[in-house]
Visitor: 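One structure is given below, represented as structure tokens, and several questions about it will come after.
From a predicted model like this one, the values you see are computed outputs, not experimental measurements.
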Amino acid sequence: MGVEVRVEGLTKSFGGHPVWADVSLTLPAGEISVLLGPSGTGKSVFLKTLIGLLRPDRGSIWIGDRDLPRLSERDLYEVRRLFGVLFQDGALFGSMNLYDNVAFPLREHTRKSESEVRAIVQEKLDMVGLTGAEDKLPGQISGGMRKRAGLARALVLDPEIVLFDEPDSGLDPVRTAYINQLIIDLNQQTDATFLIVTHDINTARTVPDNIGLLYHKHLAMFGPREMLLSSEEPVVRQFLNALRQGPIGMAEEKDADELEAEAASGVELPPLPPIPPQLQPSDGGQRRAERPAGEWCRDNGVTPPPGSFAGEAVASGRHAADTHDFGRGSVYRSEVGS
Ligand SMILES: Nc1ncnc2c1ncn2[C@@H]1O[C@H](COP(=O)(O)OP(=O)(O)OP(=O)(O)O)[C@@H](O)[C@H]1O
């Protein structure tokens, strides 16, 4: 079972230049969260700070009663074992085959016998669909396979928190769809707490339980997926819908003249697109963290964008027979139409 990570007032700068300041958020135990933000807003720095590779200027990272930035090197080493990290390029050793790459953390950090190591490595390779590829070298396989091998290695010590640094970078849309499905399935199987840094809007819209957006040196918003996908907040709306209109410009923030010109031009923002269904585990089961479609909007009195949840009863076989859920979708459709 994953653990909650509570970040309070986290601030990081390099040479007096702030990357971000006063970031506070909670990664709920066992849930999938996505962190978005324009290039250079410090998403990778945030991941590195979470695992203690970078020290923040101020603030706390609570895991249970332990505040990571305040731990001694020795205690930090212990806490790091709670984390599994999928680095952008998989960070595999080029001279080792996949088996030895995945076995590496077990041989390095545990005293397991080679037969125990073998059982665990086979299990993890199977989880990511790489059974049979044990003898391949990283250079002999595709980028998508390298990501999956990196993921098997990130999971080998049964982490409670898994960090993904751009799991979709360099992948084509089909491979990205596969890796997204794998992330959902692994979350179902492990119940670990997942944090994904990505630029892929489709991933952000369909995979996570929560979304956060870093912008202009602070956390613009963090919350349940439906909250951000129904938000009218300009920067959230612009980013999650990949629009040119809004406060984010080519170099990060538009200046006052650009914004004024945009307002004067009378360009109307397109309406918010429907909230798409969240990806479901491929075995037809349920993730522990999963919430019924539309629940957040309903509980918070938010009318979702027109067309939201309309396909839910069809998209997920599980809900098809659930007339209550289907009824809820219908209510939204009629509310929206009225
Ligand atoms: N070790 C470091 N020393 C000094 N500056 C750094 C260091 N690491 C990162 N930075 C700076 O911090 C800022 C944020 O970088 P980071 O790589 O975290 O952004 P990002 O949001 O992950 O970007 P991208 O989406 O392009 O990957 C950048 O301006 C970068 O140059």
Side-chain angles (χ1 to χ4, degrees), residues 1-8 10 12 25-33 35 43-56 59-93 96 98-128 130 147-167 182-183 185-197 288-289:
M1 182 61 194
V3 292
E4 177 181 283
V5 181
R6 202 154 42 85
V7 173
E8 286 176 357
L10 209 62
K12 177 70 192 165
L25 56 87
T26 297
L27 303 177
E31 297 192 11
I32 304 174
S33 301
L35 186 61
K43 301 178 294 296
S44 299
V45 167
F46 186 77
L47 289 189
K48 286 179 190 156
T49 309
L50 274 192
I51 44 172
L53 291 176
L54 289 172
R55 198 169 268 280
S60 296
I61 302 164
W62 291 100
I63 298 181
D65 59 359
R66 289 173 293 192
D67 183 12
L68 265 64
R70 315 244 130 48
L71 295 180
S72 65
E73 272 302 315
R74 197 174 144 186
D75 291 342
L76 186 59
Y77 183 80
E78 278 303 307
V79 174
R80 273 210 196 115
R81 291 185 52 167
L82 296 174
F83 287 89
V85 185
L86 173 63
F87 294 99
Q88 260 189 48
D89 54 359
L92 301 169
F93 298 110
M96 281 184 196
L98 296 193
Y99 182 94
D100 288 330
N101 260 294
V102 177
F104 188 82
L106 289 167
R107 291 174 175 153
E108 199 69 5
H109 295 292
T110 73
R111 294 184 179 180
K112 294 194 185 297
S113 67
E114 271 308 303
S115 66
E116 289 172 305
V117 167
R118 174 162 296 278
I120 297 170
V121 170
Q122 298 292 9
E123 180 205 340
K124 303 304 177 195
L125 284 172
D126 186 44
M127 280 168 95
V128 302
L130 282 179
K147 298 261 186 198
R148 285 190 278 145
L151 198 43
R153 197 178 58 182
L155 295 173
V156 85
L157 295 175
D158 289 328
E160 308 225 34
I161 305 152
V162 186
L163 307 180
F164 300 78
D165 195 359
E166 297 194 31
L182 182 60
I183 289 171
D185 291 345
L186 291 174
N187 181 255
Q188 177 199 28
Q189 289 162 35
T190 63
D191 269 334
T193 306
F194 284 13
L195 177 62
I196 306 167
V197 160
R288 199 195 290 249

Visitor: Closest approach of Val162 and Ala192, non-hydrogen atoms and distance?
Guide: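 Result for this residue pair: CG2-CB, 4.2 Å.
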
Visitor: If I take atom CG from residue Leu10 and atom OG1 from residue Thr49, how far apart are they, to the nearest 0.5 angstrom?
Guide: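 With rounding to 0.5 Å, CG (Leu10) is 6.0 Å from OG1 (Thr49).
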
Visitor: Indicate yes or no: at least one non-hydrogen side-chain atom of Leu186 is less than 4.5 angstrom from one of Leu151.
Guide: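 In contact.
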
Visitor: Give a yes or no on whether the backbone of Glu8 and the side-chain of Ser60 come within a donor-acceptor separation of less than 3.5 Å.
Guide: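 Checked: no pair found.
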
Visitor: Would you call Ile161 and Leu195 a side-chain contact if the rule is heavy atoms closer than 4.5 Å?
Guide: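 No - every pair of side-chain heavy atoms lies 4.5 Å or more apart.
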
Visitor: Can you see whether Phe93 has Arg153 sitting over its ring - NZ or CZ less than 6.0 Å from the centre and within 45° of the normal?
Guide: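 Yes; both conditions hold, so Arg153 lies above the ring face of Phe93.
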
Visitor: Contact between Thr110 and Arg81 at the side-chain level, heavy atoms closer than 4.5 Å - yes or no?
Guide: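 Thr110 vs Arg81: side chains touch.
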
Visitor: How far does CG of Asn187 sit from CD1 of Ile183, to the nearest 0.5 angstrom?
Guide: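 Rounded to the nearest 0.5 Å, the CG-CD1 separation comes out at 9.5 Å.
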
Visitor: So, do Thr26 and Trp62 sit near enough that their side-chain heavy atoms are less than 4.5 Å apart?
Guide: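 The answer is no, as the side chains (C-beta and beyond) never meet within the 4.5 Å cut-off.
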
Visitor: Measure the spacing between NZ of Lys112 and CG of Leu106 and express it to the nearest 0.5 Å.
Guide: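 Atom-to-atom, Lys112:NZ and Leu106:CG are 7.0 Å apart.
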
Visitor: Identify the heavy atoms of Ser33 and Pro28 that sit nearest to each other, and give their distance.
Guide: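 Ser33 and Pro28 have their closest heavy atoms at OG-CD, 4.1 Å.
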
Visitor: First locate atom OG1 of Thr193, then atom CZ of Phe83, and finally report the distance between them rounded to the nearest 0.5 Å.
Guide: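 It is 9.5 Å, given to the nearest 0.5 Å.
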
Visitor: Do you know which two heavy atoms are closest between Pro159 and Ala154, and how far apart they sit?
Guide: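 Heavy atoms only, the tightest pair is CG-O, 3.3 Å.
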
Visitor: Does Val128 offer a backbone N or O that forms a donor-acceptor pair with the side chain of Arg148 under 3.5 Å?
Guide: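 The answer is yes, because a donor-acceptor pair under 3.5 Å joins these two groups.
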
Visitor: For Pro69, does its backbone N or O pair with a side-chain atom of Arg55 as donor and acceptor, under 3.5 Å?
Guide: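 A pair under 3.5 Å: yes.
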
Visitor: Mind checking whether Met127 and Thr190 have side chains closer than 4.5 Å, heavy atoms only?
Guide: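 Answer yes - side chains close enough.
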
Visitor: Looking only at heavy atoms, which two atoms of Lys43 and Leu35 are closest? And how far apart?
Guide: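 In terms of heavy atoms, the two residues are closest at CD-O, 3.9 Å.
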
Visitor: Could you grab the distance from atom CG of Leu71 to atom OH of Tyr77, nearest 0.5 Å is fine?
Guide: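 Here the interatomic distance stands at 15.0 Å.
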
Visitor: Could you give the distance from CZ (Arg80) to CD (Glu73), rounded to the nearest 0.5 Å?
Guide: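 These two atoms lie 6.5 Å from each other.
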
Visitor: Using modelled atom types and a 3.5 Å cut-off, is there a donor and acceptor pairing between side-chain atoms of Lys147 and backbone atoms of Gln88?
Guide: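 Yes, the answer is positive, given that a donor and an acceptor are paired below the 3.5 Å cut-off.
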
Visitor: Return the minimal non-hydrogen interatomic distance between Ile61 and Asp67, and the atom names on each side.
Guide: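 Heavy atoms of Ile61 and Asp67 come nearest at N-OD1, 2.8 Å.
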
Visitor: Would you indicate whether the side-chain heavy atoms of Lys124 and Asp158 approach each other to under 4.5 Å?
Guide: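 Touching, per the 4.5 Å side-chain cut-off.
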
Visitor: Are more than 12 heavy atoms, taken from residues, nucleotides or ligands other than Arg107, located less than 6.0 Å from that residue's CZ atom?
Guide: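 Enclosed.
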
Visitor: With distance as the sole test, does Asp191 use its side chain to make a donor-acceptor pair with the main-chain N or O of Gly30 at under 3.5 Å?
Guide: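 No: the side chain of Asp191 does not pair with the backbone of Gly30.
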
Visitor: Less than 4.5 Å apart, side chain to side chain, heavy atoms only: is that true for Arg66 and Leu82?
Guide: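 Yes - at least one pair of side-chain heavy atoms lies under 4.5 Å apart.
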
Visitor: Is a side-chain N or O of Asp165 found less than 3.5 angstrom from the main chain of Leu86, in a donor-acceptor match?
Guide: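 No: the side chain of Asp165 does not pair with the backbone of Leu86.
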
Visitor: Let's go through Arg118 and Tyr99 carefully: what are the C-alpha distance in whole Å and the side-chain angles of both, what is the deciding distance for side chain to side chain contact (heavy atoms under 4.5 Å, CB included) to 0.1 Å, and is it a yes or a no?
Guide: CA-CA 9 Å; Arg118 174 162 296 278; Tyr99 182 94; 3.3 Å; yes

Visitor: Quick one: which of Leu130, Ile120, Val156 gives a side chain to side chain contact (heavy atoms under 4.5 Å, CB included) with Leu125?
Guide: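 It is Leu130, the one option of Leu130, Ile120, Val156 that forms the side chain to side chain contact (heavy atoms under 4.5 Å, CB included) with Leu125.
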
Visitor: In the structure I gave you, are the side-chain heavy atoms of Val7 and Leu50 within less than 4.5 Å of one another anywhere?
Guide: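 Of all side-chain heavy-atom pairs linking Leu50 with Val7, at least one is under 4.5 Å.
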
Visitor: Can you confirm whether Arg70 is buried at CZ, in the sense that more than 12 heavy atoms of other residues, nucleotides or ligands lie under 6.0 Å from that atom?
Guide: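 Correct, the count exceeds 12.
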
